Every structure is written in C-alpha cells, then in structure tokens.
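Below you'll find the structure, written out as structure tokens, and then a few comments.
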Amino acid sequence: MNRLKERRLELGLTQEEVSGILKLADPRMDVSMVSRFENGACLPTEEVMTALEAALRTSRAYLFGEDEKADIPPRTAETERIAGLIPSGRRNAISREDLAAALHTTDRKMRKAVAEAKKQGLMICNDGDGYYQSDDLSDLWRQYRRETARAMSILKARKPMREVLKAAGRPV
C-alpha cells in the first residue's frame with residue numbers, strides 16, 4: 001500500500017492535523033481525504049503531494065515508492081490465459097465478443113477478468129474496436145486518460161448523494 005498512516009503516526013499527528021496542513025494546498029482536503037489517501041482509495045494531486053511531503057517531513061519516494069510494486073498481485077492462471085488471447089498492437093485488437101467466446105464466458109465475466117488482469121500488471125488497452133496489449137506510451141497514455149475520465153465521471157455523479165449523507169450526519 002503506502003506509508004502515509006505509518007509516517008503520520010510516527011510523527012504523532014492526527015488526520016485532522018494533516019488535513020489542516022493540506023488545506024493550505026487545496027481547501028477541499030478534509031479528514032476523509034486523508035483517510036482515502038492512507039487507504040489507497042485515491043492519490044493526491046501534485047500540489048497536495050508536495051504539502052504531504054512537508055507535513056510528514058519525508059519524500060514521496062518514501063511514502064509511495066519502494067513498496068508500489070508489492071501492491072501488484074501475482075499473475076493468476078486466468079491472467080496468463082488472457083495474456084495469450086489478447087494480441088499486441090492496436091491493429092490486432094480482439095473484439096469483446098471474440099474475447100468472451102475465446103474464454104467461453106459471458107461478456108460481463110470477460111470484462112471482469114480483463115479488469116483483474118490489468119490489476120495484475122497486463123498493459124491492456126481498449127479503443128472501442130477491441131482489446132490489445134501495448135507497451136507504446138501513447139497508447140498507455142490514451143487508456144490512462146480514458147479510465148481517469150470514467151472514474152471522475154463516477155465520482156461527480158455520486159457527489160449529490162455524498163452531500164445528502166453528510167447533511168444527515170452520516171460518515172462518508
């Protein structure tokens with residue numbers, strides 16, 4: 001995971017104290033955001049990362065660096081099977097339907113398996129025409145931006161619910 005909580009506790013700081021420091025960089029930083037950073041639910045922006053380094057008196061390399069690879073689970077047999085079925089290169093992309101058929105499963109289960117394979121380190125892209133593996137940085141950057149936009153859209157859609165729950169005194 002990361003060392004944020006460990007380092008905060010070493011320094012005897014509370015999440016409230018850390019959020020107070022982070023608010024100088026971004027006024028939206030509250031205790032729940034500090035908790036989300038500590039639990040790996042999200043990553044801080046560059047400005048907040050700089051403030052975290054100052055608050056915790058250490059480097060981002062210490063906070064996030066050395067152990068990042070340890071968070072990638074080992075590849076399962078299913079992931080190796082998917083790696084053998086998804087071709088390399090955008091021109092060779094395999095359609096969702098063909099991949100599901102090759103895996104002898106439903107579209108939904110296939111998409112779940114692809115998501116798990118990504119978590120295990122396969123560089124799988126999907127440009128709408130199908131899935132392909134790539135080590136081309138421009139392909140990876142496009143995929144990264146596409147997935148970030150999707151995640152942000154989900155977060156924005158749940159914001160009104162969050163506000164209602166907060167107003168009702170529910171922890172969110």
Side-chain angles (χ1 to χ4, degrees), residues 1-80 82-83 111-127 131 133-172:
M1 195 73 87
N2 64 55
R3 294 184 175 125
L4 290 170
K5 183 175 182 178
E6 174 186 322
R7 181 65 179 156
R8 177 178 60 79
L9 294 174
E10 281 175 11
L11 296 173
L13 296 171
T14 66
Q15 288 182 333
E16 286 177 337
E17 291 169 325
V18 173
S19 74
I21 296 167
L22 299 182
K23 282 180 192 248
L24 300 172
D26 185 337
R28 299 171 297 171
M29 294 298 108
D30 59 9
V31 172
S32 69
M33 286 303 297
V34 174
S35 176
R36 293 178 73 207
F37 295 151
E38 289 180 353
N39 292 315
C42 64
L43 292 172
T45 63
E46 182 62 31
E47 295 82 14
V48 173
M49 178 66 79
T50 301
L52 264 174
E53 288 178 300
L56 300 177
R57 296 187 290 249
T58 191
S59 69
R60 66 186 71 195
Y62 175 81
L63 294 173
F64 292 96
E66 297 82 6
D67 292 339
E68 282 296 302
K69 293 285 186 199
D71 288 340
I72 299 173
R75 289 189 182 176
T76 62
E78 180 73 1
T79 293
E80 292 301 337
I82 288 171
R111 286 184 288 126
K112 189 175 181 179
V114 167
E116 188 59 34
K118 285 180 174 185
K119 289 178 190 173
Q120 294 174 19
L122 282 186
M123 296 296 119
I124 300 172
C125 298
N126 179 2
D127 65 0
Y131 294 102
Q133 293 184 66
S134 182
D135 57 7
D136 181 296
L137 292 179
S138 61
D139 287 341
L140 298 178
W141 178 241
R142 261 191 313 279
Q143 185 68 29
Y144 178 83
R145 285 194 338 244
R146 194 176 297 121
E147 290 181 6
T148 299
R150 189 176 305 129
M152 293 308 293
S153 174
I154 292 167
L155 289 173
K156 287 177 186 174
R158 68 181 213 156
K159 188 174 182 178
M161 283 184 259
R162 179 181 169 84
E163 295 305 319
V164 169
L165 290 168
K166 282 175 74 173
R170 286 285 181 87
V172 288

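On a predicted model such as this, the values are computed, not experimentally measured, just so you know. The basis for the numbers below is simple: all heavy atoms, side chains too, and nothing from hydrogens, waters or symmetry mates.
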Determine whether Asp26 and Glu47 make a side-chain contact, defined as any pair of heavy atoms from C-beta on separated by less than 4.5 Å.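 No, too far: nothing below the 4.5 Å cut-off.
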Side chains of Arg8 and Glu38: closer than 4.5 Å at any heavy-atom pair?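 Arg8 reaches Glu38 side chain to side chain.
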Pairwise distance [atom1]([X]) to [atom2]([Y]) - rounded to 0.5 angstrom:
X      : Y      : atom1 : atom2 : result
Asp135 : Leu140 : CG    : CG    : 7.5 Å
Lys5   : Asn39  : NZ    : CG    : 7.0 Å
Phe64  : Ser59  : CZ    : OG    : 11.0 Å
Ile21  : Leu56  : CD1   : CG    : 7.5 Å

Side-chain donor/acceptor of Arg146 to backbone N/O of Asn126, under 3.5 Å: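 Here the side-chain-to-backbone pair exists.
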Report yes or no: does Arg57 contribute a side-chain atom to a donor-acceptor pair with the main-chain N or O of Arg7 at less than 3.5 Å?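 No: the side chain of Arg57 does not pair with the backbone of Arg7.
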Taking only residues two or more places apart in sequence or in another chain, which ones pass side-chain hydrogen bond (donor to acceptor under 3.5 Å, both in side chains) with Arg75?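 By the side-chain hydrogen bond (donor to acceptor under 3.5 Å, both in side chains) rule, Arg75 matches no residue at all.
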Which atom names give the shortest non-hydrogen contact between [X] and [Y], and what distance separates them?
X      : Y      : result
Met49  : Pro44  : CE-CG, 3.7 Å
Tyr62  : Arg3   : O-NH1, 2.9 Å
Ile124 : Ala117 : CD1-CB, 4.0 Å
Phe37  : Asn2   : O-ND2, 2.9 Å
Thr79  : Gln120 : OG1-OE1, 2.5 Å
Val34  : Leu22  : CG2-CD1, 3.9 Å

NZ/NE/NH1/NH2 to OD/OE distance under 4.0 Å, Arg60 and Glu46: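 Yes, this pair counts.
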Is the closest side-chain donor-acceptor distance between Ser35 and Ser32 under 3.5 Å?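 Ser35 vs Ser32: no donor-acceptor pair found between side chains.
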